[in-house]
Amino acid sequence: MPAAPHLARWRHMLPALLATFATTLAHAQTTPQTAPNSQSTQPALTSAIDDYLRAQTRGLPGKVSYRIGSLDPRIQLAACSAFEPFLPAGGRLWGKATVGVRCLGPASWVVYVPVDVNISGSYFVSARPLAAGQPLSASDIVERQGDLGGMPATVVTDAAQAIGKTPRSGLGAGQPLRSDLLLAPWAVQQGQNVKLISRGAGFSASSDGRALNNAADGQVVQVRGASGQTITGIARTGGIVEVNY
């Protein structure tokens, strides 16, 4: 019985269809797949870091500018649609720094990108050689302009941070002042008679006592009261110790 006309037509076309399928399959197997890399990810990554730096540096003293480094082009990163920049533990956005970026999806990876934070502003230096323990006055310090990013984060940027305090060690002329190397004067000294001001809900009282240790304004000090009891309070200038209940 002769084959139906449509079956005969398919038998005639089958060799050509098989040849086309084999050619397509061979091409798909030999064509290399392009994996996402750091170059394709960099623009979105940079944009996320830029937003992060703009927000995080807003409170820094002076005029802030920054430069975001590039990723190593050899790094292979899977496609990412959401980035979460963060500051690594112990890091700070001051001078040469590093910002971490975490991919939130669909992939999961973390990279670290170098950044350079430039902070142009005022800072203070010693006007002349200063001895350790010498109380600083306005005439002992001079204002300068420069890149704070290249200095310690504790550099003095406000004269009030230095005036009245004393250097821990001697300073040469023109040396930048650092708040962590300056000591506040004692508000209360060991053995000094002090006034205890006690405050609580609905009451306030005062009494006399004797300081058991030195303390700067705002520091904790222990006081022996008239009854012999040891009381802990906060030292204030003028020989006052605040006790809050």
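When side chains are defined from C-beta on, Lys195 counts as touching Asp208, because their heavy atoms get closer than 4.5 Å. Side-chain contact between Asn213 and Val220: absent, with no pair of heavy atoms (C-beta onward) separated by less than 4.5 Å. Using a 4.5 Å heavy-atom threshold, the side chains of Leu45 and Val111 count as touching. When side chains are defined from C-beta on, Pro73 does not count as touching Gln42, because their heavy atoms never get closer than 4.5 Å. Using a 4.5 Å cut-off on side-chain heavy atoms (C-beta onward), Arg236 and Ile197 make no contact. A heavy-atom distance below 4.5 Å is found between the side chains of Leu136 and Pro167. Counting heavy atoms from C-beta on, the side chains of Tyr52 and Leu87 come closer than 4.5 Å. By the 4.5 Å heavy-atom criterion applied to side chains, Gln134 and Thr166 are not counted as neighbours.
Panel note: side chain Trp109, backbone Val101; no donor-acceptor pair is recorded below 3.5 Å. For Asp51 (side chain) and Ala48 (main-chain N/O), no donor-acceptor pair under 3.5 Å exists by modelled atom type. Arg128 contributes a side-chain N or O that, together with a main-chain N or O of Ser139, makes up a donor-acceptor pair within less than 3.5 Å. At distances below 3.5 Å, at least one donor-acceptor pair connects side-chain atoms of Ser126 with backbone N or O atoms of Gly172.
Atoms CD and CD, from Gln190 and Gln192 in turn, are 11.0 Å apart once rounded to the nearest 0.5 Å. To the nearest 0.5 Å, atom CG of residue Asp140 and atom CG of residue Leu177 are 9.5 Å apart. Distance check: Ser81 OG to Leu104 CG gives 8.5 Å after rounding to the nearest 0.5 Å. Ile75 CD1 to Ser70 OG: the interatomic distance, rounded to the nearest 0.5 Å, is 11.0 Å.
Under a hydrophobic-cluster definition in which Ile, Leu, Val, Met, Phe, Trp and Tyr are linked whenever side-chain heavy atoms come within less than 4.5 Å, directly or via other members, Val115 and Met151 are assigned to the same cluster. Hydrophobic clustering (ILVMFWY, side-chain heavy atoms < 4.5 Å, transitive): Leu93 and Ile68 are in one cluster. Val188 and Leu212 are assigned to two separate hydrophobic clusters, defined by single-linkage of ILVMFWY side chains at heavy-atom distances under 4.5 Å. Residues Ile141 and Leu148 do not share a hydrophobic cluster, clusters being chains of Ile/Leu/Val/Met/Phe/Trp/Tyr side chains in contact below 4.5 Å. Residues Tyr123 and Val142 are members of one and the same hydrophobic cluster, defined by side-chain heavy-atom contacts under 4.5 angstrom among Ile, Leu, Val, Met, Phe, Trp and Tyr.
The two atoms that bring Phe86 and Val110 nearest to each other are CZ-CG1, 3.9 Å, heavy atoms only. Contact detail for Val194 and Arg210: the closest heavy-atom pair is CG2-N, 4.3 Å. Contact detail for Ala107 and Ala79: the closest heavy-atom pair is CB-O, 3.6 Å. Contact detail for Gln219 and Trp186: the closest heavy-atom pair is OE1-CZ3, 4.0 Å. The heavy-atom pair separating Arg168 from Asp180 by the smallest distance is NE-O, 3.1 Å. Among all heavy-atom pairs drawn from Ser204 and Arg199, the shortest one is OG-CG, 4.0 Å.
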Exercise for the section: Any chance you could lay out the side chain to side chain donor-acceptor pair (under 3.5 Å) test for Thr230 and Gln222, step after step, and finish with the verdict? Expected result: CA-CA 7 Å; Thr230 299; Gln222 289 191 318; over 6 Å; no
Exercise for the section: Please test Ile49 against Phe83 for side-chain contact (heavy atoms from CB on, under 4.5 Å), starting from the C-alpha separation and ending with a verdict. Expected result: CA-CA 9 Å; Ile49 296 175; Phe83 302 100; over 6 Å; no
Practice task
Determine, stepwise, if the pair Val223 / Val243 fulfils side-chain contact (heavy atoms from CB on, under 4.5 Å).
Solution key: CA-CA 10 Å; Val223 177; Val243 181; over 6 Å; no
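For the pairing with Gln161, the side chain to side chain contact (heavy atoms under 4.5 Å, CB included) check across Leu182, Val156, Thr154 returns one residue only, Val156. Just one residue in the list Leu60, Thr157, Val155 forms a side chain to side chain contact (heavy atoms under 4.5 Å, CB included) with Ile119, and that residue is Leu60. Each of Thr232, Ile234, Val221 was checked for a side chain to side chain contact (heavy atoms under 4.5 Å, CB included) with Val241, and the lone residue meeting it is Val221.
Ring planes of Tyr245 and Phe203: tilted class, angle from 30 to 60°.
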